[in-house]
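For this chain, numbers begin at 1 and follow the sequence in order. Nothing here was measured: the structure is a model prediction, and the numbers come from that model. Only heavy atoms go into these numbers, but all of them, side chains included; no hydrogens, no water, no symmetry mates.
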Amino acid sequence: MRSSNSCAAIVRALAALVAMALCDSAGAQRPDAPAGGLPPLGEPRPLALPAIVVQTLPDGLKLVLLEDHKQPALWLRLALPAGSIRDPVRQVGLAEMTAALLNKGTAERTATQIADLVDGIGASLDASAGDDFLTISAQGLSGYSDTLFSLLADVTLRPTFPMEELERTRTRVLNELNFSLAQPETMASAAIDRVVFGAHPYGNLATGTPKTLAAISVQDLRAFHDTYFAPNAATLFLVGDITPAQALQKATIAFRSWDRKDIQPAPAPPAPSAPRARPRITLIDRPGAAQTQIRIGALVPGYSDPNRIVGTVATIVLGAGNFEGRLIQEIREKRGLAYGASSVFRRHQQAGEFEISTFTKNVSTGEVIKIALDEARKIATVDVPADELSDRKTYLDGEFAISVATPDGVLARLVPAVLYGGGPGDLTTFSDKVAAVTPGQIRDVMSALNPGAPEIVLVGDAKAILDQVKPLGDVTVIPFDRVDLLAPTLQSTAVSSAPASEEEIAVGKTRLAAVIRAMGGEAFLNLKTLHLKGKGTVTAPGGQFNAKINVDAFDLMVVTPDRARLDLTTGFGLVTLGVPGNGKAPWLNTLGQVQDPPAEVANVIDLFNPAQLLGKALRQANTVRGLADTADGTLFTSVDGAALRGFGITDDRGATTDVYSDKATNLVRLIQVHTPRGAPIVVSLGDYHESGGVQVPRQLRADQGKVTLFEFTVNSFDVNQPVDDKLFARPQ
């Protein structure tokens, strides 16, 4: 990973090359250029579009056609009211999963046949779910228009959602999601959406969470499809080499079997929160993080807001677009406090969000927040100077012109304009509306955001930044691994279980005592160090496939109460994870590159030392309760079929861990840790051997959902041996 300084150097070098190219171009004068060099920019011209034809089929399907015969190509995009706003609260991600599986098999074609047909004609076919609409797109040469219509209709009307494709896609998405949610920038962006939109579905992470994705079944996909896919609620956009008569004929044939149905209205728009005098700051604590991710947000009206273009111009002045925005000038260029800083209005059909985004070093967190808030207040109270406003409008006009320079670009702008805007006129009048924006309008729009009291989300080390941000607003601190992205406040208010009964508590204590005796009694409770060596595999996170990496050797050292080190020797080199303990940040050394690991990594290492977990449960006032032996009439079993019985441990933060022991030997076989963002992590232990009076497992495995995180075989172990403290120190 390159440092910010390295990235800056690369950018500066590229800028120098561009400047040299411009100088060369200016020096070699064109015949029509004035003597002073390049000609001045002309006045922006409104976008001129051919007449857009709107037709409606007998079944209610609306066709919107932009005829363009300049090239023999055709773009099709079908929009349905099946966006993420329709996701059930316990199945967030259902719309996106539905979109992902539409082309994975139909009643007429298998996934392979669909892919081969698309490749054979040099076309593309895909689907995606936005917040309000699910869109299915096909593009190819107009000579294959019949095939494009046939494919589009087939995946729309007759998807089968095969079980194997669901499981394959779910595994891929979970891998990517678990990796993504461990990154502070992803967490910050997801969290600001949640607190701005509150309980409204617009605040959901549209991909879903591990927990909600695990709850999606084939039956759910079919029900979602049956409920929201209807011709009378759909719009088919066509851009390219086709006439209105051809479009009407082909669409009528392709979608002739589609039946009308009533669609329930989308959820009501989100309600604004009560006015506040100060910013509300949510600090997601990631101990040891060297930087702070900063998001500042506010609720705004949706796409049809009459002041939408004014807001767009305002945010171009404040922070969007190249390096001329005020935020980047104040935070980066003048003070060097961050590599980037930007602002944006995101508009959905019913509501939108204004957001400022940046990051900085811990020491400058408070300063950067103050600068961002000051700049937001300034644009809301002081007129933008005429020359600055003119320059930013010119930039915006140029950006728009580039975005509609291709048929696909026009289509991307046309779809939202028709679905929830003012129609095609939103495109043709854009430049005129930009030109008409005044400083007073910008001031009014930005002041309506109440820039003095926005929502602020920070992801960083609370110990390093809390004192800086306390004076700036009302602060709530949430541990990184306790964030609930489904809760409006990011903190779950649900009770994990009913209060334990006296009988459950008695059973839990009895089972805890039996496990401790079996694991070694006093020797187990007094375990000081545990040293394991062996080999195995780990699964690389975040990829499309479950790529297992062979570990030629692993060396794990755990020291009570909170230090650990894990060395993995792989074919790619040495990877070391260190947990220094005593409140110091964990570290990860990958092939000589030292960085901060995902916050959850240190917690997984703790599971290698059950003595710490069980000893704490015995000594402290943690709630221990017996778990039922049966859930569906059969005993809960281990991976090798041993009958298990369990007890749950609830700590003072409400976090729960379930411990399952062998019913015959009382040795610990499974430790299940419930995570707030998805499927529990399950650590399996087996093949016990005695060392120093303590039972030590020689088989270790960790799973989350359907993904095996690691699997190790121990071939060497010892306990209570001297350990050099330097092993746990972060490399310099």
Side-chain angles (χ1 to χ4, degrees), residues 32-34 38-54 64-71 75 77 237-240 300-328 342-349 352 354 379 383-446 448-449:
D32 59 343
L38 294 174
L41 292 172
E43 290 297 320
R45 293 176 295 177
L47 176 65
L49 292 176
I52 293 178
V53 178
V54 178
V64 179
L65 169 63
L66 177 60
E67 194 174 353
D68 182 355
H69 301 286
K70 293 186 180 69
Q71 52 184 318
W75 286 260
R77 187 163 301 170
F237 296 86
L238 307 98
V239 175
V300 301
Y303 186 95
S304 60
D305 178 19
N307 289 315
R308 178 174 59 88
I309 300 301
V310 178
T312 301
V313 175
T315 197
I316 286 289
V317 173
L318 181 62
N322 65 31
F323 286 88
E324 300 303 320
R326 292 182 177 184
L327 291 172
I328 199 73
S342 62
S343 65
V344 67
F345 278 91
R346 295 191 183 91
R347 307 277 189 173
H348 310 304
Q349 185 175 25
F354 170 76
I379 199 172
D383 284 353
V384 179
D387 56 346
E388 181 185 9
L389 183 56
S390 176
D391 287 345
R392 306 313 293 143
K393 286 181 178 180
T394 299
Y395 175 86
L396 184 57
D397 280 319
E399 184 184 61
F400 176 76
I402 292 172
S403 74
V404 294
T406 64
D408 197 32
V410 172
L411 184 59
R413 294 268 189 170
L414 182 62
V415 170
V418 170
L419 292 178
Y420 42 78
D426 282 358
L427 279 67
T428 57
T429 61
F430 181 84
S431 294
D432 289 341
K433 289 181 178 179
V434 168
V437 172
T438 67
Q441 289 175 314
I442 291 176
R443 190 180 63 245
D444 292 343
V445 166
M446 297 304 291
L449 300 179

Residue list, side chain to side chain donor-acceptor pair (under 3.5 Å) with Arg308, at least two apart or on another chain: none
Residue pair Ser342 / Ile328, side-chain heavy-atom distance below 4.5 Å: no
Side-chain touch Leu389/Ile442, heavy atoms, less than 4.5 angstrom: yes
Exam field: side chain Thr429 to backbone Asp432, donor-acceptor pair closer than 3.5 Å: no
Residue of the set Thr438, Ile379, Val437 for which side chain to side chain contact (heavy atoms under 4.5 Å, CB included) holds with Val384: Ile379
Side chain to side chain donor-acceptor pair (under 3.5 Å) involving Gln349 - partner list, sequence neighbours excluded: none
Shortest non-hydrogen contact between Asn307 and Arg347, atoms and distance: O-NH2, 4.1 Å
Val410 vs Leu66 side-chain heavy atoms within contact, under 4.5 Å: yes
Ala386 backbone acceptor or donor facing Ser390 side chain under 3.5 Å: no
Over all atoms of both residues, closest heavy-atom pair of Met446 and Ala314: SD-CB, 3.8 Å
Residue pair Leu427 / Phe400: nearest heavy atoms and the distance that separates them: O-CZ, 3.6 Å
Heavy-atom pair of closest approach, residues Gly319 and Leu327: CA-CD1, 4.1 Å
Sub-4.5 Å side-chain heavy-atom contact between Lys393 and Ile316: no
Sub-4.5 Å side-chain heavy-atom contact between Leu396 and Phe430: yes
Test item: Thr315 side-chain N/O and Ser343 main-chain N/O as donor-acceptor pair under 3.5 Å: yes
With sequence neighbours excluded, residues passing ring-ring contact (aromatic ring centres under 6.0 Å, His included) with Phe345: Phe354
Sequence-distant partners of Arg413, salt bridge (charged side-chain N to carboxylate O under 4.0 Å, His left out), two or more places apart: none
Non-neighbouring partners of Gln71 that pass side-chain contact (heavy atoms from CB on, under 4.5 Å), sequence neighbours left out: Ala73, Trp75, Pro407
Qualifying salt bridge (charged side-chain N to carboxylate O under 4.0 Å, His left out) pairs with a residue from residues 434-446, counting only residues at least two apart or across chains: Asp383-Arg443
Shortest non-hydrogen separation from Pro385 to Arg326 and the atoms involved: CD-NH2, 3.7 Å
Approximate separation, where rounding is to 0.5 Å, of Thr312 OG1 and Ile309 CD1: 5.0 Å
Listed partners of Arg77 passing side chain to side chain donor-acceptor pair (under 3.5 Å), at least two apart: Ser137, Asp408
Closest contact, heavy atoms only, Val418 versus Pro424: CG2-CD, 4.1 Å
Counterpart residues, side chain to side chain donor-acceptor pair (under 3.5 Å), relative to Asp426 (two or more places apart): none
Reported CG-to-CG distance for the pair Leu65 and Leu414, which is rounded to 0.5 angstrom: 10.0 Å
